[in-house]
Amino acid sequence: MAGRVHILVLNYNGRALLEECLPSVIASARSATRPCRVSVIDNDSSDDSVAWLVRSRPEVGVMRMANRGLVSFNEAVRLVNESVVLLLNNDVKFGAGCVDHLARAFERHADCFIAGPLCWTFDGRYEGTLSDLCFRRGLVHTRLNQEGSEVAADAAKCTASAGAVLAVSREKFLALGGFDAMFLPGRYEDLDLSFRGWLAGWKAYFVPEAIAFHKGSATFGACFGGEEVNALDVRNALLFAWKNLREPRNVGLHLTFLMLRVLHAVATGQRDFLAGLIDAVRRLPEALQRRAAATPRLRSERELFRMLGGE
């Protein structure tokens, strides 16, 4: 429904995080100038998250789903009917007025498919979400733009991706197919969504007057060790490239640097890189299927890299 907002909080075994962070989210929803609901997506938690929510926060809806990381948002967004949906990790707090500020981005900009707030860590470090899109040594990644911590509140800035707090147009999110399950259990799926949205002709906006606070890796980091996370980064960076890069120059650079990386990893015994590479190769057919089924592009890769930070 036009003007309405739904906040979806993703949770897995995060009762303590919900108790710490959810009150600020509920307060921001209650103070919004538009109807705003809050629901928690519980990804099959084995702790007492759901029991605590039912007992302590009866005003919050609960959606129970299988543990599919950010991909759980896809089904949840389909189930709600608000035009703007805020997608949150369970380790996020909101500043005053955050909901209204993010929702207004979609009213001001018809081409907006994502809006992200000015985000700080709990200990006061700038986290974003103003980021540049980079193509370096054959791989695509984002780079935090430090200017976002000082940008004027009335500046309409575009961002490559929006991290732990993502406001989305429900219509455009569903048109893009949401987050890609190929990247499970996580890493790169938010960049993949943003990359596809930009190529489809839409824009992601940084909204610095909307303030959020992110604890960071509170759930993901607790489930995986450092070497596993590194291997996931490698695997998903490669899958992202194989799925999304089309232009001959970019594909050529990717393959050239990939060969050099493999030689270096073999020579130096980089087990995390080699593990990620092997896992990515196993999933190559899946990446190629996604590539073949991609939606039409209204922007070129070269134009996109130029718009969002350069090659």
Is the backbone of [Y] close enough, under 3.5 Å, to the side chain of [X] for a donor and an acceptor to pair up by distance?
| X | Y | answer |
| --- | --- | --- |
| Arg4 | Asn81 | no |
| Arg291 | Leu245 | yes |
| Thr142 | Asp132 | no |
| Ser45 | Asp47 | no |
| Asp44 | Ala66 | no |
| Ser194 | Asp190 | no |
| Tyr126 | Asn145 | yes |
| His101 | Ala210 | no |

Value rounded to 0.5 Å, distance of [atom1] in [X] from [atom2] in [Y]:
| X | Y | atom1 | atom2 | result |
| --- | --- | --- | --- | --- |
| Leu87 | Leu8 | CG | CG | 6.0 Å |
| Arg196 | Lys172 | CZ | NZ | 15.0 Å |
| Glu189 | Leu193 | CD | CG | 9.5 Å |
| Glu303 | Trp198 | CD | CH2 | 10.0 Å |
| Ile211 | Ser28 | CD1 | OG | 11.5 Å |
| Leu118 | Cys98 | CG | SG | 9.5 Å |

same_hphob_cluster(Leu79, Ile41) at 4.5 Å side-chain heavy-atom cutoff: yes

Would you tabulate the side-chain donor-acceptor contacts of residues 14-25 under 3.5 Å, counting partners in other chains and residues two or more places apart, or write 'none'?
unit_1 : atom_1 : unit_2 : atom_2 : d
Arg15  : NE     : Glu19  : OE1    : 3.0
Arg15  : NH1    : Asp48  : OD1    : 3.4
Arg15  : NH1    : Asp48  : OD2    : 2.7
Glu20  : OE1    : Lys215 : NZ     : 3.4
Ser24  : OG     : Cys21  : O      : 3.0
Ser24  : OG     : Phe94  : N      : 3.0

Residue pair Glu82, Arg170: steps toward the salt bridge (Lys or Arg N to Asp or Glu O under 4.0 Å) verdict: CA-CA 7 Å; Glu82 289 81 0; Arg170 178 181 180 273; over 6 Å; no

Is it true that the side chains of [X] and [Y] contain a donor and an acceptor less than 3.5 Å apart?
| X | Y | result |
| --- | --- | --- |
| Asn11 | Asp42 | yes |
| Tyr205 | Asp111 | yes |
| Asn244 | Asp192 | yes |

Close side-chain approach of Leu86 and Leu102, heavy atoms under 4.5 Å: yes

Min side-chain heavy-atom separation Leu133-Phe195 under 4.5 Å: yes

Under a 4.0 Å N-O cut-off, is there an ion pair linking [X] with [Y]?
| X | Y | value |
| --- | --- | --- |
| Arg302 | Glu247 | no |
| Lys243 | Asp180 | yes |
| Arg246 | Glu301 | no |
| Arg104 | Glu107 | no |
| Arg57 | Glu59 | yes |
| Arg34 | Asp100 | yes |

Residue pairs, two or more places apart or on separate chains, that pass side-chain hydrogen bond (donor to acceptor under 3.5 Å, both in side chains) and touch residues 276-285: Arg235-Asp279, Asp279-Arg283

Compare every heavy atom of [Y] with every heavy atom of [X], then report the nearest pair and how far apart it is.
| X | Y | answer |
| --- | --- | --- |
| Leu166 | Phe179 | CD2-CZ, 3.8 Å |
| Thr129 | Gly116 | OG1-C, 3.5 Å |
| Trp242 | Ala280 | CZ3-O, 3.4 Å |
| Val5 | Ala103 | CG2-CB, 3.9 Å |
| Leu238 | Leu139 | CD2-CD2, 4.2 Å |

Option among Val266, Asp233, Ile278, Val262 that satisfies the side chain to side chain contact (heavy atoms under 4.5 Å, CB included) test with Phe273: Val262

Phe122 and His214 aromatic centres sub-6.0 Å: no

Arg299 CZ: over 12 foreign heavy atoms closer than 6.0 Å: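 Enclosed.
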
Arg137: partners by salt bridge (Lys or Arg N to Asp or Glu O under 4.0 Å), with sequence neighbours left out: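 Counting only residues at least two positions away or on another chain, Arg137 forms no salt bridge (Lys or Arg N to Asp or Glu O under 4.0 Å).
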
